[in-house]
Enquirer: 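The structure under discussion is supplied below as structure tokens; questions concerning it will follow.
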Amino acid sequence: MASLPTILVTGATGFIGRHLVRQLSRDGTALRLLVRSQAKAEALFGSQFELVEGEVTNPDAVERACRGMRQVYHLAGYYEFGRRHQPELWRTNVDGTRHILAACRRAAVERLIHGSTAGVLHSVGRPRTHRDFPTRPPTGCHYKVSKWEAEQSVLRAAAQGLPAVIASPTAPLGTGDDRPTPTGRVLLDLLQGRFPVCPHTGFNVAAVEDVAAGLQAVGERGRNGQRYVLGDSNVWLRDLLRQGAQLAGVRPPRGLVPWPLVALGGLAAEGWAWLGGSGSSRLCWETAYYARQRQFFDCTHSHSELGWKPQKTLAETLRDALSWFATFPHTRPVRPPVQTEPVTSR
Ligand SMILES: NC(=O)c1ccc[n+]([C@@H]2O[C@H](COP(=O)([O-])OP(=O)(O)OC[C@H]3O[C@@H](n4cnc5c(N)ncnc54)[C@H](OP(=O)(O)O)[C@@H]3O)[C@@H](O)[C@H]2O)c1
């Protein structure tokens, strides 16, 4: 007889969530999923999991989902850039997390794994680590402010005794990013020829399967009240796009655009949106502001404490993501593998 689930996953139908569900259920572990659409969940996973339909913004739905659970992986979240997304960001990421915390307390769960983002961490002049959680909310980005605020709530709850641990992915890439998230959109834009130039910025990417394995490791071996950064390769955007273009057989960006011009573009886009034009999540003040920063990470703490290490190379990760996005409209097909130079700048 199939066992009853004791593990809940929220955000299971999302990009990271679907990989986490596959990771956790590999050995036949029963799961309960809190989903907004039963049809979407069944299209992804068939009928093998118990489903609770509802929104994290609805305390009753969250309460029903958490009841009887021993572990909760909370990945439901809203990830967009631009001022117009602020109300939805707050409702989903901040209020939603607070409902999860309250329900976990009432259900006396043994462990909450909170899906935050490494993007809230900040340091100057060196790669960021798990220790770099700022005492004040980040400036210039509503998404980051909402995730910072949610993480603060989790830290407070952990200090008051809730067995909660924080997982902070950097930028996952791979298959299944069907929305796509802002990170995946970079590669989709490359395939659609929408990247003639790029800013001089750098970030950390990881294969989404490795992030899912990292989340499981946090759930099994993370310490309560701690944060674990789940990332892999530090890479300049220009180099990532060059390697991606080489793999896909498309034109790479022709050059770098200086930051003042990016900032001007971001401000102009904001002005246009303010005048009633359609706002863009690609170019707005928030994306311009962060294009100036180098968001590199050092994940050795996660490696040593969790015994977790990413398995996929950057080229494999890129290839998976590009093949996935090549099925989208207006993209060039990705050609067979070619040898590329490693581009990481660890
Ligand atoms: N992707 C990244 O680059 C990245 C990096 C670091 C951290 N994160 C964090 O990781 C988490 C998952 O991100 P993702 O990349 O998988 O995003 P995603 O593909 O947009 O998935 C978001 C998931 O949350 C669900 N969701 C959204 N609003 C909800 C609500 N009100 N009630 C219930 N479920 C809701 C979505 O349901 P539907 O399927 O119905 O839309 C989906 O399953 C988020 O918390 C995000 O902040 C993402």
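Only heavy atoms go into these numbers, but all of them, side chains included; no hydrogens, no water, no symmetry mates. Every number for a ligand or one of its atoms is a count from 1 in the order of the listing.
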Enquirer: Counting distance only, does the side-chain N/O of Thr331 pair as donor-acceptor with the main-chain N or O of Gln192 below 3.5 Å?
Expert: no
Enquirer: Who gets closest to atom 27 (C) of ligand 1 by heavy atom: Gly77, Gly231, Gly17?
Expert: Gly77
Enquirer: Considering the heavy atoms of Thr170, write down every atom of ligand 1 situated less than 4.0 Å from one of them.
Expert: 5 (C), 6 (C)
Enquirer: Does the side chain of Thr129 reach to within under 4.5 Å of the side chain of Leu121, using non-hydrogen atoms?
Expert: no
Enquirer: Tell me, with the steps shown, if Leu155 and Ile166 meet side chain to side chain contact (heavy atoms under 4.5 Å, CB included).
Expert: CA-CA 9 Å; Leu155 289 171; Ile166 294 164; 3.6 Å; yes
Enquirer: By number and element, which atoms of ligand 1 are closer than 4.0 Å to a non-hydrogen atom of Ala76?
Expert: 24 (O), 34 (N), 35 (C)
Enquirer: Please confirm whether Pro172 comes within less than 3.5 Å of ligand 1 when only nitrogen or oxygen atoms on both sides are compared.
Expert: no
Enquirer: Would you kindly specify which portion of Thr92 sits under 4.0 Å from ligand 1, judged on non-hydrogen atoms: side chain, backbone, both or neither?
Expert: side chain
Enquirer: When you compare ligand 1 with Phe15, is there at least one nitrogen or oxygen pair between them that comes in under 3.5 angstrom?
Expert: yes
Enquirer: Do ligand 1 and Arg36 have nitrogen or oxygen atoms that lie under 3.5 Å from each other?
Expert: yes
Enquirer: In this structure, which one of Thr317, Asp320, Asp232 forms a side-chain hydrogen bond (donor to acceptor under 3.5 Å, both in side chains) with Lys312?
Expert: Asp320
Enquirer: When you look at CZ of Arg294, are more than 12 heavy atoms from neighbouring residues, nucleotides or ligands closer to it than 6.0 Å?
Expert: no
Enquirer: In this structure, is the centre-to-centre distance between the rings of Trp236 and Phe296 below 6.0 Å?
Expert: yes
Enquirer: Strictly under 6.0 Å, is that where the ring centroids of His130 and Tyr228 end up?
Expert: no
Enquirer: Give the intermediate values and the outcome of side chain to side chain contact (heavy atoms under 4.5 Å, CB included) for residues Thr57 and Asp95.
Expert: CA-CA 6 Å; Thr57 49; Asp95 295 342; 5.5 Å; no
Enquirer: Assess the pair Trp259 and His200: is the distance between their ring centroids shorter than 6.0 Å?
Expert: no
Enquirer: Under 4.0 Å from any heavy atom of Thr183, which atoms of ligand 1 are there?
Expert: 3 (O)
Enquirer: Mark yes or no for whether Ser25, through its side chain, and Gly28, through its backbone, hold a donor-acceptor pair below 3.5 Å.
Expert: no
Enquirer: Do ligand 1 and Thr117 have nitrogen or oxygen atoms that lie under 3.5 Å from each other?
Expert: no
Enquirer: State whether the side chain of Thr327 and the backbone N or O of Trp324 hold a donor-acceptor pair below 3.5 Å, judged by distance alone.
Expert: yes
Enquirer: Give a yes or no answer on whether the side chain of Arg18 reaches the backbone of Thr13 with a donor-acceptor pair at less than 3.5 Å.
Expert: yes
Enquirer: Determine whether the side chain, the backbone, both or neither of Tyr143 has a heavy atom under 4.0 Å from any heavy atom of ligand 1.
Expert: side chain
Enquirer: Applying a 4.0 Å heavy-atom criterion (strictly less than), which segment of Arg179 is in contact with ligand 1: side chain, backbone, both, or neither?
Expert: side chain
Enquirer: Using a 4.0 Å cutoff against the non-hydrogen atoms of Glu55, which atoms of ligand 1 qualify?
Expert: 30 (C), 31 (N), 32 (N), 33 (C)
Enquirer: Quiz question: by atom type and distance under 3.5 Å, do the side chains of Glu88 and Thr92 form a donor-acceptor pair?
Expert: yes
Enquirer: Short N/O distance, under 3.5 Å, between Gly14 and ligand 1?
Expert: yes
Enquirer: Given Thr13, Leu215, Val9, identify the one with the heavy atom nearest to atom 38 (P) of ligand 1.
Expert: Thr13
Enquirer: Below a 4.0 angstrom heavy-atom separation, can you tell me which part of Ser116, side chain or backbone, both or neither, approaches ligand 1?
Expert: backbone
Enquirer: If you measure from each non-hydrogen atom of Tyr79 to ligand 1, which part falls under 4.0 Å: side chain, backbone, both or neither?
Expert: side chain
Enquirer: Apply side chain to side chain contact (heavy atoms under 4.5 Å, CB included) to Arg32 and Val52, showing your working.
Expert: CA-CA 7 Å; Arg32 181 186 289 172; Val52 173; 3.7 Å; yes
Enquirer: In terms of atom number and element, which parts of ligand 1 are under 4.0 angstrom from non-hydrogen atoms of Leu75?
Expert: 11 (C), 12 (C), 44 (C), 45 (O)
Enquirer: Closest non-hydrogen protein atom to atom 23 (C) of ligand 1, residue and atom name please, with distance?
Expert: Gly11 CA, 3.7 Å
Enquirer: Side chain, backbone, both or neither: which part of Thr181 comes within less than 4.0 Å of ligand 1 when only heavy atoms are counted?
Expert: side chain
Enquirer: Below 4.0 angstrom from a heavy atom of Gly115, which ligand 1 atoms are there? Numbered from 1 as shown, please.
Expert: 45 (O)
Enquirer: Do ligand 1 and Thr57 have nitrogen or oxygen atoms that lie under 3.5 Å from each other?
Expert: no
Enquirer: Take Ile16 and Leu215 through the side chain to side chain contact (heavy atoms under 4.5 Å, CB included) test and state the conclusion after the steps.
Expert: CA-CA 10 Å; Ile16 303 176; Leu215 280 157; 3.7 Å; yes
Enquirer: Would you mind running through ligand 1 and noting each atom that sits below 4.0 Å from a heavy atom of Lys40?
Expert: 38 (P), 39 (O), 41 (O)
Enquirer: So for ligand 1, is Ile16 a polar contact partner (N or O within less than 3.5 Å, distance only)?
Expert: yes
Enquirer: Among all protein heavy atoms, pick out the one at the shortest distance from atom 45 (O) of ligand 1; state its residue, atom name and that distance to 0.1 Å.
Expert: Lys147 NZ, 2.7 Å
Enquirer: Counting only heavy atoms, which portion of Thr10 has something under 4.0 Å from ligand 1: side chain, backbone, both, or neither?
Expert: neither
Enquirer: With nothing but distance in play, are any N or O atoms of Val56 less than 3.5 Å from an N or O of ligand 1?
Expert: yes
